[in-house]
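Letters A, B, ... are given to chains in the order of the sequence lines, protein chains preceding strands, and every chain is numbered from 1.
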Amino acid sequence: MTPPEAPKTGSSSQGNRPPAVSVCLHTSGQMQVLAKRADFLKAARARKQGTSSMLVQARKRPEGEADGIRIGFTCSKKVGNAVARNRAKRRLREAARAVLLAQGKPGWDYVVIGKKTDTIARPFPLLVSDLEYALRKLHK
RNA sequence: GCGGAGGGCCGGAUGGCCGCGGGUGGGGCGUGUCCCUCCCGAGGAAAGUCCGGACUCCAUGAAGCAACGGUGCCGGGUAACGCCCGGGCAGGGAAACCUGACGGAAAGCGCCACAGAAAUGAAACCGCCCGGUCUGUCAAAGGUUCGCCUUUGGCAAAACUAGGGUAAGGAUGAAACGGUGGGGUAAGAGCCCACCGCGCCCUUGGCAACAGGGGUGGCACGGCAAGCCCCACCUGGAGCAAUGCCAAAUAGGACCCCCGCGCGGGCCUGUGUCGGCCCUGGUCGAUACCGCCGCUAGGCGCGCUUCAGCCGAGAGGGGUCGGGUUGGCAGCUCGAGCCACGCAGCAAUGUGUGGCCUAGAUGAAUGGUCAUCGACGGGGGCAACCCCAGAACAGAAUCCGGCUUACAGGCCCUCCGCGCAU
């Protein structure tokens with residue numbers, strides 16, 4: 001199973017870009033996993049909101065495509081080595097678990113993208129408030 | 001105590017709350033989901049993917065040959081290795097110890113820059129020595145016009161030399177057809193001698209690499225094989241996205257080319273035709289077709305050949321275009337496994353007994369947060385101590401054995417040298 005490529009950026013000069021590391025939640029029926037590359041690409045073309053510690057993409061799905069909240073995470077090699085990417089995605093997942101179950105809207109796809117240093121270094125309460133802020137802006 | 005060498009081990013700790021992946025057992029019902037309980041859940045390198053294997057397919061096995069590639073002192077270990085252990089040799093170090101692409105240069109080809117007289121056929125060149133010519137001088141003899149002249153022999157030095165001897169010396173270089181010393185000679189030279197080096201022979205020790213001793217040769221063998229090469233040994237390719245199964249969808253693929261479609265073989269329950277016999281249909285025979293069996297041509301291996309094996313008159317080989325390539329399960333973690341003790345061995349390792357089960361994910365779990373303790377570090381203070389900060393390299397993806405690379409800090413053992421004390 002090939003993970004998706006990291007987002008193309010202007011500074012991508014290295015030849016073999018490592019795949020991004022992502023994680024999905026398997027919580028109770030309310031939240032589901034984003035597992036298809038196509039779903040990530042659709043979310044990338046929808047609304048987005050950046051904060052100092054993350055970038056959040058959100059998309060309201062058409063009727064009948066799927067039920068409930070769906071979420072996926074992306075941390076490209078730009079975040080760091082494998083240990084740094086794992087740590088970043090885990091912190092993002094914990095923040096999403098705290099926020100999204102209460103404030104996420106059914107019928108929407110969310111993709112949370114980690115950033116280079118702040119996703120790991122930012123204190124956890126601020127990480128949570130960043131996600132809450134992004135969701136408020138996206139739901140308008 | 002200080003400095004150094006070798007080896008082994010560890011890789012932040014405890015607890016609360018909230019979570020994640022897998023599994024055992026139990027329960028609820030909507031029968032494939034939910035809930036509860038308990039258990040397990042990253043590394044010494046999980047890394048680089050550089051070697052060696054297991055396993056799977058290509059492709060059914062064996063033998064031989066060839067090609068490509070690899071390895072390279074000797075012995076041992078191992079499933080195997082380019083790994084490990086022990087030994088030898090060479091180099092380095094005061095020592096402990098470290099380092100080593102370490103087979104062959106009298107099979108052949110090639111190369112040896114710069115410098116140098118010359119870079120491997122050994123000779124040319126400079127130089128050295130002898131001889132010759134010429135000059136000077138001394139002695140003897142002869143002649144004399146008493147000034148000298150001639151001849152012979154000796155000595156000396158300069159110049160010239162179309163002759164001979166020589167390889168000791170010649171500023172170089174990584175390397176110069178052995179080194180040092182002595183004898184010898186016209187000058188020299190293994191020409192001769194002693195020691196060292198080298199080759200060969202014998203012998204002692206050792207499984208061997210090799211080492212010791214003796215004799216002998218008279219020096220004949222320059223370096224590079226990490227340039228080609230020779231020799232010995234090993235060696236098929238692709239990889240778990242291998243591979244197998246299930247389900248769904250789509251196609252139920254199309255077209256073309258090559259080779260072949262053979263046997264007066266056999267059987268028959270069939271069908272048709274012909275003929276004989278009994279007579280509205282049976283029976284017997286012949287023949288054609290279908291079917292089955294057999295034989296053969298032929299076909300089936302990454303390069304080739306042979307043998308065996310399999311398929312076989314439709315099986316095989318090849319090409320072009322089109323479609324599809326999603327989900328689940330297996331592979332998937334019990335294995336050259338881990339721990340303890342004993343035995344054999346210098347060791348690598350082997351073996352016996354007992355005990356243990358120790359991740360199995362797949363947009364990919366193994367975490368988040370808080371508290372306490374905390375190595376190294378930074379700041380202050382004479383000091384006790386106080387304050388700040390809070391852990392290196394790094395994340396399993398089929399599994400093992402190695403190698404290599406990265407790494408904060410700490411612990412243990414052995415050894416070498418120096419200093420102090422006894």
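Taking 90° from 0 as the syn/anti boundary, the base of B:rG367 is oriented anti. Taking the O4'-C1'-N9-C4 or O4'-C1'-N1-C2 dihedral as appropriate, B:rG44 has a value within 90° of 0 and is therefore syn. B:rG142 shows a glycosidic angle more than 90° from 0 and is accordingly assigned anti. Glycosidic conformation at B:rU372 (O4'-C1'-N9-C4 for purines, O4'-C1'-N1-C2 for pyrimidines): anti, more than 90° from 0. Nucleotide B:rG19 carries an anti base; the chi torsion (O4'-C1'-N9-C4 or O4'-C1'-N1-C2) is more than 90° from 0.
Considering only side-chain N and O atoms, A:Lys89 lies nowhere under 4.0 angstrom from the phosphate OP1 or OP2 of B:rG363. Distances shorter than 4.0 Å separate none of the side-chain N or O atoms of A:Arg122 from OP1 or OP2 on B:rG368. Here A:Arg87 reaches the OP1 or OP2 of B:rG368: one of its side-chain N or O atoms lies under 4.0 Å away. A close approach under 4.0 Å does not occur between any side-chain nitrogen or oxygen of A:Arg97 and OP1 or OP2 of B:rC20. Taking only side-chain nitrogens and oxygens, A:Arg90 comes nearer than 4.0 Å to OP1 or OP2 of B:rU366.
Atom CG of A:Asn86 is separated from atom P of B:rA46 by 18 Å (rounded to the nearest Å). A:Phe124 places its CZ atom 6 Å from the C1' atom of B:rG368, with the value rounded to the nearest Å. Atom pair A:Leu131:CG and B:rG368:C1' shows a separation of 15 Å (rounding to whole Å applied). Atom CZ in A:Arg85 sits about 20 Å away from atom P in B:rA42, given to the nearest Å. Rounded to an integer number of Å, the gap from A:Arg91 CZ to B:rC18 C1' is 15 Å. One can place CD1 of A:Ile71 at 16 Å from P of B:rG363, the figure rounded to the nearest angstrom. Atom CZ in A:Arg70 sits roughly 12 Å away from atom C1' in B:rG363 (whole-Å rounding). As a whole-Å value, the separation of A:Asn81 CG from B:rG43 P is 17 Å.
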Quick one: do A:Asp130 and A:Ser53 satisfy side-chain hydrogen bond (donor to acceptor under 3.5 Å, both in side chains)? Show the steps, please.
CA-CA 7 Å; A:Asp130 281 347; A:Ser53 60; 2.6 Å; yes

Dump the intermediate steps for side-chain contact (heavy atoms from CB on, under 4.5 Å) on A:Glu94 and A:Phe124, then the final yes or no.
CA-CA 9 Å; A:Glu94 280 300 312; A:Phe124 192 71; 3.8 Å; yes

List the steps, then state whether side-chain contact (heavy atoms from CB on, under 4.5 Å) holds for A:Leu135 with A:Val99.
CA-CA 9 Å; A:Leu135 287 183; A:Val99 173; 3.7 Å; yes

Start with the C-alpha distance between A:Val111 and A:Phe73, add both sets of side-chain angles, then the distance that settles side-chain contact (heavy atoms from CB on, under 4.5 Å), and finish with yes or no.
CA-CA 6 Å; A:Val111 174; A:Phe73 298 85; over 6 Å; no

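The partner of B:rG244, taking Watson-Crick or G-U wobble pairs whose two distances both stay under 3.5 Å, is B:rC329. Across all strands shown, B:rC89 forms a Watson-Crick or G-U wobble pair, both distances under 3.5 Å, with B:rG100. Remark: B:rG11 base-pairs with no nucleotide; criterion is Watson-Crick or G-U wobble with both hydrogen-bond distances under 3.5 Å. With a 3.5 Å ceiling on both atom-pair distances, the Watson-Crick or G-U wobble partner of B:rU180 is B:rA194. As the counterpart of B:rC334, no nucleotide is assigned, since no Watson-Crick or G-U wobble pattern has both distances under 3.5 Å. In this structure B:rA340 sits in a base pair with B:rU353, meeting the Watson-Crick or G-U test at under 3.5 Å. Using Watson-Crick or G-U wobble geometry with both donor-acceptor distances under 3.5 Å, B:rC160 finds its partner in B:rG132. Remark: B:rA408 base-pairs with no nucleotide in the shown strands. Criterion, Watson-Crick or G-U wobble with two distances under 3.5 Å.
A distance of 12.0 Å separates NZ of A:Lys60 from CZ of A:Arg47, quoted to the nearest 0.5 Å.
Nucleotides B:rC400 and B:rU358 have their P atoms positioned 16 Å apart, rounded to a whole Å. One P atom belongs to B:rG52, the other to B:rG70, and the distance between them is 12 Å to the nearest Å. Atom P of B:rU398 sits at a distance of 5 Å from the matching atom of B:rA241, rounded to the whole Å. The gap from the C1' atom of B:rA54 to that of B:rG75 amounts to 29 Å, rounded to the nearest Å. Rounded to whole Å, the P atom of B:rU78 lies 27 Å from the corresponding atom of B:rG103. Spacing of P atoms, B:rU306 relative to B:rG285, comes out at 49 Å, to the nearest Å. Between B:rG188 and B:rA226, the distance separating the two P atoms is 47 Å to the nearest Å. Atom name C1', nucleotides B:rC210 and B:rU71: the rounded distance is 23 Å, in whole Å.
Among A:Arg59, A:Gln57, A:Lys137, the single residue meeting the side-chain contact (heavy atoms from CB on, under 4.5 Å) criterion with A:Lys48 is A:Gln57.
In this structure, A:Ile120 is not a member of the same hydrophobic cluster as A:Val112, with clusters built from ILVMFWY side-chain heavy atoms closer than 4.5 Å.
Looking at A:Ile71 and A:Asp109, their side chains never come closer than 4.5 Å, going by heavy atoms from C-beta outward.
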